[in-house]
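Heads up: the structure comes next, in structure tokens.
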Amino acid sequence: MQRVKAVLKARHSFQRLGILYHQRCFSAQPNYALYGDFEEQVLVEGRAKSRAAILNRPSALNALTASMAARLKRLYESWEENPDIGFVLMKGNGRAFCSGVDTVAPHRLLNEGKVYECKRFFETLYKFVYLQGTYLKPHVAILDGITMGCGGGISLPGMFRLVTDKTVFSHPETQLGFHPDAGASFYLSRLPGYLGEYLALTGDKLNGVEMIACGLATHYCLNARLAWIEERLGNLMNDDPAVIDSSLAQYGDLVYPDRSSILRRIETVDKCFSHDTVEEIIDSLENEAAGAYDDWCKTVLRKMKEASPLSLKVTLRSIREGRFQSLDQCLAREYRISLAWISKSVSNDFTEGVRARLVDKDFAPKWYPASLEEVSKDMVEYYFTPLGELEPELVLPTSLREPYI
């Protein structure tokens with residue numbers, strides 16, 4: 001624990017003395033050349049009264065790069081200012097909407113010592129999420145297929161969220177030694193009971209029906225009918241949210257979670273995941289498993305024990321704080337946490353998790369600390385410590401764009 005205390009002390013000492021790190025400025029432009037032709041990665045489709053942004057990296061399950069986040073932000077800003085555009089739509093090309101951040105790219109940048117480019121990416125991404133969550137025009141996100149990590153952040157804060165029978169939603173960040181970000185602590189913390197804590201800590205999946213049932217999505221339709229809905233939306237000459245709502249509902253279906261759904265276990269989820277600490281949650285699950293007749297608790301325990309112990313503790317606190325914060329406050333806190341992860345000041349779990357699961361694929365990450373018992377309060381506190389003058393906080397235009405509460 002002396003390591004963390006020393007880092008905190010050094011951070012505050014540098015702030016008092018005014019010593020600057022020799023790093024590139026936060027406002028430096030991202031290096032788009034790293035990601036190829038970025039305009040092809042986000043396509044634009046013009047309609048009568050709307051525009052559609054199409055995530056176009058199907059071979060990578062539309063994983064989001066720095067250039068894609070920057071392009072989305074620029075497009076959405078220009079569309080909001082254009083009086084001829086009534087509403088905006090976002091969808092993915094292929095079998096995924098968005099599988100989250102392209103974490104292999106930050107992993108490579110961090111290994112090359114290019115920390116500032118990772119910081120710039122998080123800054124751009126979170127500013128786009130805030131733009132999305134405060135957008136002045138109706139927004140339709142078509143979450144057809146895999147929707148993971150920040151794929152939720154760039155879509156769920158919007159007005160309309162259409163899911164299908166192909167939708168698979170999850171937040172697997174703790175398995176990668178990271179934390180659910182891009183606004184996840186805002187929308188997960190507002191799910192019924194303690195479902196948000198469950199999803200964040202376990203990385204378990206929801207299907208489209210479950211997303212409707214818990215309020216993450218607003219509309220549901222079969223994938224086979226999606227083309228009809230898109231055609232109807234494309235022909236709309238009206239930007240009235242009520243008209244868009246009825247158009248989305250026209251080919252919709254009335255659906256209910258099946259018997260195996262996690263929503264059928266919501267009482268058990270609340271009982272186990274309402275505790276104050278990760279250790280207490282695990283103890284509760286183990287007690288539940290001892291008297292259960294199925295393997296659900298054992299599966300949940302296995303998922304949590306495979307995750308980074310530090311990530312679990314940071315994530316639980318992040319979701320709990322998100323319950324009482326607005327979108328901008330959640331994004332500012334998540335930004336601090338993300339910068340702490342990529343700084344490697346306390347732990348190398350983020351790069352180690354990406355290495356183990358996505359680069360070398362040996363699925364044997366060496367977490368530090370290796371157990372929950374070794375994760376101290378000071379370690380967790382470091383991820384929530386204000387950045388200070390020498391590492392600027394995330395600045396969002398809250399005076400111009402009122403955040404959700």
Side-chain angles (χ1 to χ4, degrees), residues 41-45 50-58 61-65 68-73 75-77 79-80 87-102 124-164 166-173 180-191 196 199-200 205-208 210-212 214-221 223 226 229-230 233 241 244-245 248 327 330-331 334 403-404:
Q41 295 179 356
V42 179
L43 303 177
V44 175
E45 190 175 276
S50 64
R51 294 292 184 275
I54 305 169
L55 306 180
N56 188 40
R57 296 184 71 215
L61 300 178
N62 298 323
L64 203 71
T65 65
M68 291 170 73
R71 178 162 164 77
L72 284 170
K73 184 173 180 292
L75 287 172
Y76 272 60
E77 287 172 340
W79 291 341
E80 190 177 58
F87 66 96
V88 175
L89 181 144
M90 186 191 293
K91 64 178 182 177
N93 183 13
R95 65 188 184 95
F97 168 70
C98 175
S99 60
V101 171
D102 182 2
T124 304
L125 172 60
Y126 295 177
K127 285 184 175 180
F128 175 69
V129 172
Y130 186 73
L131 176 67
Q132 173 75 282
T134 58
Y135 211 58
L136 300 180
K137 295 180 178 181
H139 185 269
V140 179
I142 299 179
L143 309 179
D144 183 45
I146 297 168
T147 304
M148 299 169 63
C150 80
I154 63 173
S155 58
L156 297 181
M159 186 176 293
F160 300 111
R161 291 91 63 193
L162 174 67
V163 293
T164 74
K166 302 290 186 180
T167 302
V168 180
F169 170 82
S170 69
H171 269 285
E173 288 88 348
D181 67 326
S185 66
F186 177 77
Y187 56 78
L188 290 181
S189 65
R190 282 154 176 77
L191 294 181
L199 295 173
K205 302 178 179 65
L206 295 182
N207 59 33
E210 292 168 323
M211 290 182 72
I212 281 283
C214 72
L216 282 172
T218 59
H219 296 79
Y220 179 95
C221 81
N223 170 270
L226 203 51
I229 290 181
E230 287 196 53
L233 290 173
I244 298 172
D245 183 29
L248 289 168
L327 177 60
C330 287
L331 288 169
E334 291 171 3
Y404 293 151

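Hydrogens, waters and symmetry mates play no part in the numbers below; they use all other heavy atoms, side chains included. Computed from a predicted structure; not experimentally measured.
Taking the side chain as every heavy atom from C-beta outward, Leu248 and Leu233 approach each other to under 4.5 Å. Two residues are said to be in side-chain contact when any heavy atoms from C-beta on lie closer than 4.5 Å; Arg51 and Leu75 fail this criterion. Here the side chains of Ser189 and Leu191 are not in contact, with every heavy-atom distance at 4.5 Å or above.
Contact record, Leu72 with Ala53: CD2-CB, 3.9 Å, taken as the closest heavy-atom pair. Nearest heavy-atom pair across Gly100 and Cys150 is C-SG, 3.6 Å. Listed here is the closest heavy atom pair of Leu136 and Glu80: N-OE2, 2.9 Å. Summarising the geometry of Pro241 relative to Phe160, their closest heavy-atom pair is O-CZ, 3.4 Å, with the distance given to 0.1 Å. Of all non-hydrogen atoms in Leu206 and Cys214, the two that sit nearest each other are CD1-SG, 4.1 Å. The two residues Ile244 and Pro138 make their nearest non-hydrogen contact at CD1-CB, 3.6 Å.
Every residue two or more places apart in sequence or in another chain was checked for a side-chain hydrogen bond (donor to acceptor under 3.5 Å, both in side chains) with Arg161, and none qualifies. Under the rule for a side-chain contact (heavy atoms from CB on, under 4.5 Å), the partners of Ile54 that lie at least two apart in sequence or sit in another chain are Leu43, Glu45, Lys91, Asn93. Applying the side-chain hydrogen bond (donor to acceptor under 3.5 Å, both in side chains) test to Tyr126 and every residue at least two apart in sequence or in another chain returns Asp181, Ser338. Remark: His139 engages Tyr76, Gln132 in a side-chain hydrogen bond (donor to acceptor under 3.5 Å, both in side chains) (not counting sequence neighbours). In this structure Phe169 satisfies the ring pair (Phe, Tyr, Trp, His ring centres under 6.0 Å) test together with His171, sequence neighbours excluded. With sequence neighbours excluded, no residue forms a side-chain hydrogen bond (donor to acceptor under 3.5 Å, both in side chains) with Lys166. Residues forming a salt bridge (charged side-chain N to carboxylate O under 4.0 Å, His left out) with Lys73 (at least two apart in sequence, or on another chain): Glu77. For Pro172, the side-chain contact (heavy atoms from CB on, under 4.5 Å) partners at least two apart in sequence or on another chain are Met148, Ser170. Here Ile212 pairs with Val163, Ala217, Tyr220 under the side-chain contact (heavy atoms from CB on, under 4.5 Å) rule; sequence neighbours left out.
The environment of Lys205 atom NZ is sparse: at most 12 non-hydrogen atoms of other residues, nucleotides or ligands sit within 6.0 angstrom.
Atom CZ of Phe128 is separated from atom OH of Tyr135 by 8.0 Å, given to the nearest 0.5 angstrom. Taking NE2 from His219 and CG from Asp245, the interatomic distance works out to 3.5 Å, rounded to the nearest 0.5 Å. Interatomic distance, NZ of Lys127 versus CG of Leu125, reported as 12.0 Å (0.5 Å rounding). Here the straight-line distance linking atom CZ of Phe97 with atom CG of Leu162 works out to 11.0 Å at 0.5 Å rounding. Here Leu64 contributes atom CG and Gln41 contributes atom CD; the two are 9.0 Å apart, rounded to the nearest 0.5 Å. A distance of 10.0 Å separates OG of Ser99 from CG of Leu55, quoted to the nearest 0.5 Å.
Residue pairs meeting the side-chain hydrogen bond (donor to acceptor under 3.5 Å, both in side chains) criterion with at least one partner in residues 141-160, sequence neighbours excluded, are Asp144-Thr164, Asp144-Asn223.
Arg95 contributes no side-chain N or O that, together with a main-chain N or O of Gly145, makes up a donor-acceptor pair within less than 3.5 Å. Remark: the backbone N or O of Leu143 is paired with a side-chain donor or acceptor of Thr167 at under 3.5 angstrom. In this structure, Asn62 contributes its side chain and Ala96 its backbone to a donor-acceptor pair below 3.5 Å.
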>> Under the criterion side chain to side chain contact (heavy atoms under 4.5 Å, CB included), I'd like the reasoning laid out for Arg57 against Thr65: C-alpha separation, chi angles, the key distance, then a yes or no.
In response: CA-CA 10 Å; Arg57 296 184 71 215; Thr65 65; 3.3 Å; yes

